[in-house]
Amino acid sequence: MASRTSRDVIGRGLSVLGRAIREQPRIFAVAVTGSVLFGLMVIVSARVVGAVIGEVALPSIADGSVAVGALALAAAALFGISVLRVVGIFGRRLGAGYMQYRLQAAYRRRVTRRYLELPLAWHQRNATGTLLSNANSDVEAAWYPIAPLPFAVGTLVMLVGAIASLFLTDWALALVGLAVFPALFALNVVYSRRMAPRQARAQRLRAEVSGIAHESFDGALVVKTMGREAQETNRFSARAGELRDALISVGRLRGVFDPLLETLPSLGTLAVLVVGTVRLRQGAISVSELVSVAFLFTVLAFPVRAIGWVLAELPRSVAGWDRVRRVLDATGEMPYGDRRLDPDPSTSATLAFHDVHFAYEPAEAHLPGAEVLGEVSFTVPAGKTVALVGPTGAGKSTVTSLAVRLVDPDSGTVTLDGVDVRDLSAESLTSTVALVAQVPFVFDDTVRANITLDRPGIGDDDVWAALRLAEADGFVAALPDGLDTLVGERGTSLSGGQRQRLTLARALAGRPRLLVLDDATSAVDPRVEAAILAGLRAPTGGQGAAASILVVAYRRATIALADEVIYLEHGRVLARGTHRELLATVGGYADLVTAYEQAEREREQNRTYDEVTPLASGLEIEVDR
């Protein structure tokens with residue numbers, strides 16, 4: 001792999017740069033124009049300096065007098081050239097910087113948009129740290145050579161002009177230039193090829209380090225409570241050490257080639273002086289021409305390095321682009337249809353599963369996926385509550401994911417009001433059904449922002465109505481700033497039960513016609529949970545008609561509230577009916593509910609729910625320990 005990358009990195013890197021030029025042609029043209037202007041002024045300045053030395057300075061020294069007019073004219077010429085060089089530098093740098101940052105911003109948006117288009121199964125196969133690296137450091141790396149690119153293009157024009165100028169001056173001096181300039185380019189090519197595998201490895205390790213760090217921070221609670229701080233530190237240190245070694249390898253190679261790249265133009269200048277002195281004695285060139293050529297080689301040393309900068313960054317650019325393209329070219333998106341359902345929140349929706357089969361994609365493509373659901377069929381009638389009950393691994397959460405179309409079935413259909421969810425538009429689907437997940441997610445923002453999510457038409461009255469239904473209005477009213485209280489990252493200032501009720505209120509604020517609860521009230525007091533479900537089942541209550549409810553339930557009190565219970569085992573519907581019917585006829589169901597009930601009693605003996613704890617401000621809020 002490293003060998004292949006070394007061989008084709010130049011071609012692939014130039015392809016990436018070509019894409020950048022096609023996407024930003026006008027800005028690139030401005031930058032290159034500035035660079036070409038700078039390069040031409042370098043050649044002209046060499047001619048002018050040679051003329052000043054040969055035609056003004058040396059005669060003045062020989063005559064012992066200064067030609068004021070000629071000196072003023074030379075000064076004016078040099079000043080004008082300097083002004084044009086400044087204009088060229090300004091245009092080159094402004095254009096290159098603007099082009100680079102526009103591309104980075106555009107591709108960050110494209111990568112993020114692609115993340116949102118790809119299905120949940122794709123995200124489950126990719127570490128969060130890697131995805132963050134794709135959208136940030138990989139995008140930056142892909143377009144990093146854009147900054148020196150216009151300078152390099154202008155330098156190529158300058159080199160062509162310089163060689164033409166050398167041939168117009170003297171063929172022997174031109175041969176020196178023809179020897180030095182290709183040698184510089186060849187050295188840069190060798191440098192780029194050797195750098196390619198090192199930059200690719202360093203870019204991959206950046207993503208891995210980011211992934212480990214994110215995982216450790218995200219799982220801080222587990223790390224600390226399980227006493228894994230030292231192990232996580234060592235795991236991070238080991239991978240960070242690999243990244244350090246990879247970057248040192250990059251720096252070591254750069255340390256070898258940089259002096260060579262710096263030395264070649266100096267050797268060229270020395271060769272010009274030696275050959276030029278001989279040609280001067282032969283009368284083939286004048287002092288002005290020799291000075292012009294020597295000065296030209298001296299000032300070319302820095303611009304020529306721009307070509308090396310581009311070639312040196314191509315391996316990193318290719319590595320970053322490959323990782324970005326992996327996201328942009330990923331397949332498996334879930335296209336939406338154009339069907340729309342009745343948006344009236346005063347009517348409830350009917351959810352139906354028809355012979356649904358589903359298997360999660362394996363981590364490795366060549367392996368078969370294990371079927372999670374098979375032949376699943378049931379209905380949640382409009383305005384009714386259906387409870388999903390089953391042991392761990394029965395497929396309950398998968399059913400909820402299918403209900404809100406986070407995933408699509410391998411076969412069979414999931415319908416809302418008789419319409420296949422795959423045929424619905426995204427707007428119609430999200431306005432009809434809402435999911436409250438088992439693990440609540442709260443943004444680092446205010447209570448109000450967490451509930452409204454900037455959705456139009458949700459005012460404070462709607463927010464408070466949703467909070468009341470979620471039994472959350474009491475603790476929100478007691479917060480220091482009410483709806484304007486900042487809840488912290490992932491809602492760290494709130495208890496688990498409060499976060500669950502806040503996310504429930506978020507779902508209710510959109511007035512969904514179908515509410516899917518994946519064990520969404522497990523962290524609240526059973527009495528509070530009963531009050532919440534009773535409120536959701538009520539015909540009125542500030543949210544229009546009662547929504548249809550599909551709830552993953554464990555507690556007997558919650559299950560008993562359902563109009564129908566669906567009992568799952570090993571991804572199959574084994575029984576359905578009321579709680580009383582299943583309790584009397586299905587032994588597995590009775591054993592499971594009894595076990596849940598016993599575990600609940602034990603938790604109630606060892607935990608205190610909704611304890612009132614004083615805050616430093618003197619206010620009180622509910623916390624669930």
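Computed from a prediction, not measured in an experiment: that's the story for all the values here.
- Arg422 places no side-chain N or O within 3.5 Å of a backbone atom of Asp408 that could act as its donor or acceptor partner.
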Test Ile81 against Val48 for side-chain contact (heavy atoms from CB on, under 4.5 Å), laying out the working first. CA-CA 9 Å; Ile81 291 170; Val48 171; 3.5 Å; yes
What verdict does the side-chain contact (heavy atoms from CB on, under 4.5 Å) test give for Leu131 and Val111, after you've listed the backbone C-alpha separation in whole Å, the side-chain angles of each residue and the deciding distance to 0.1 Å? CA-CA 9 Å; Leu131 301 184; Val111 169; over 6 Å; no
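- Rounded to the nearest 0.5 Å, atoms CD1 (Ile89) and CG (Leu94) are 13.0 Å apart.
- Contact record, Ala202 with Leu243: O-CD1, 3.5 Å, taken as the closest heavy-atom pair.
- The shortest non-hydrogen separation linking Val310 to Ala152 is CG2-CB, 3.7 Å.
- Taking every heavy atom of both residues into account, Ala96 and Ala31 meet most closely at N-CB, 3.7 Å.
- The side-chain heavy atoms of Arg108 and Glu140, taken from C-beta on, include a pair separated by under 4.5 Å.
- At a threshold of 4.0 Å, the pair Arg110-Glu117 does not count as salt-bridged, since none of the basic side-chain nitrogens sits closer than that to a carboxylate oxygen.
- In this structure, Tyr98 places its OH atom where only 12 or fewer heavy-atom neighbours from other residues, nucleotides or ligands lie under 6.0 Å away.
- Distance alone, capped at 3.5 Å, places no donor-acceptor pair between the Ser428 side chain and the Ser425 backbone.
- Judged by distance alone, the side chains of Tyr107 and Glu23 do bring a donor and an acceptor atom under 3.5 Å apart.
- Side chain of Arg323 to backbone of Asn134: no donor-acceptor contact under 3.5 angstrom is found.
- Interatomic distance, CG of Leu247 versus CZ of Arg252, reported as 11.5 Å (0.5 Å rounding).
- Between Leu406 and Leu435, some side-chain heavy-atom pair lies under the 4.5 Å cut-off.
- Across all their heavy atoms, Pro145 and Ala141 have their closest contact at CD-O, 3.8 Å.
- Put simply, the side chain of Thr430 gets close to the backbone of Ala426: a donor and an acceptor are under 3.5 Å apart.
- How far CZ of Arg506 is from CD1 of Ile458: 11.0 Å, rounded to the nearest 0.5 Å.
- For the pair Asp322 and Arg12, the minimum side-chain heavy-atom distance is below 4.5 Å.
- A donor-acceptor pair under 3.5 Å is formed between the side chain of Ser317 and the backbone N or O of Ala142.
- When all heavy atoms of Ala172 and Val275 are compared, the closest pair comes out as CB-CG1, 4.0 Å.
- In this structure, Pro150 and Arg92 approach most closely via the heavy-atom pair CB-CG, 4.2 Å.
- Within the model, atoms CZ of Arg326 and CZ of Arg114 stand 12.0 Å from one another, a figure rounded to the nearest 0.5 Å.
- A donor-acceptor contact shorter than 3.5 Å links the side chain of Arg455 to the backbone of Thr452.
- Under the 4.5 Å side-chain criterion, counting only non-hydrogen atoms from C-beta, Arg19 is in contact with Trp143.
- A heavy-atom distance below 4.5 Å is not found between the side chains of Thr446 and Thr485.
- Separating the CG atom in Leu40 from the CG atom in Leu84 is a distance of 10.0 Å, to the nearest 0.5 Å.
- The CG atom of Leu118 sits 12.5 Å away from the CZ atom of Arg113 when rounded to the nearest 0.5 Å.
- The side-chain heavy atoms of Leu37 and Val87, taken from C-beta on, include a pair separated by under 4.5 Å.
- The local environment of OH in Tyr101 is sparse, with at most 12 non-hydrogen atoms from other residues, nucleotides or ligands closer than 6.0 Å.
- Ile146 is not listed as a side-chain neighbour of Phe28, based on a closest heavy-atom distance of 4.5 Å or more.
- Arg405 forms a cation-pi arrangement with Tyr336, by the criterion of a distance under 6.0 Å to the ring centre and an angle within 45° of the ring axis.
- With hydrogens and angles ignored, the 3.5 Å screen pairs no side-chain donor or acceptor of Thr155 with any backbone N or O of Met158.
- For the pair Ser35 (side chain) and Val32 (backbone), a donor-acceptor distance under 3.5 Å is absent.
- At most 12 heavy atoms of other shown residues, nucleotides or ligands fall within 6.0 angstrom of atom CZ in Phe90.
- In this structure, Asp138 contributes its side chain and Val324 its backbone to no donor-acceptor pair below 3.5 Å.
- A donor-acceptor pair under 3.5 Å is formed between the side chain of Ser237 and the backbone N or O of Thr233.
- Counting heavy atoms from C-beta outward, Phe441 and Thr503 have side chains that stay 4.5 Å or more apart.
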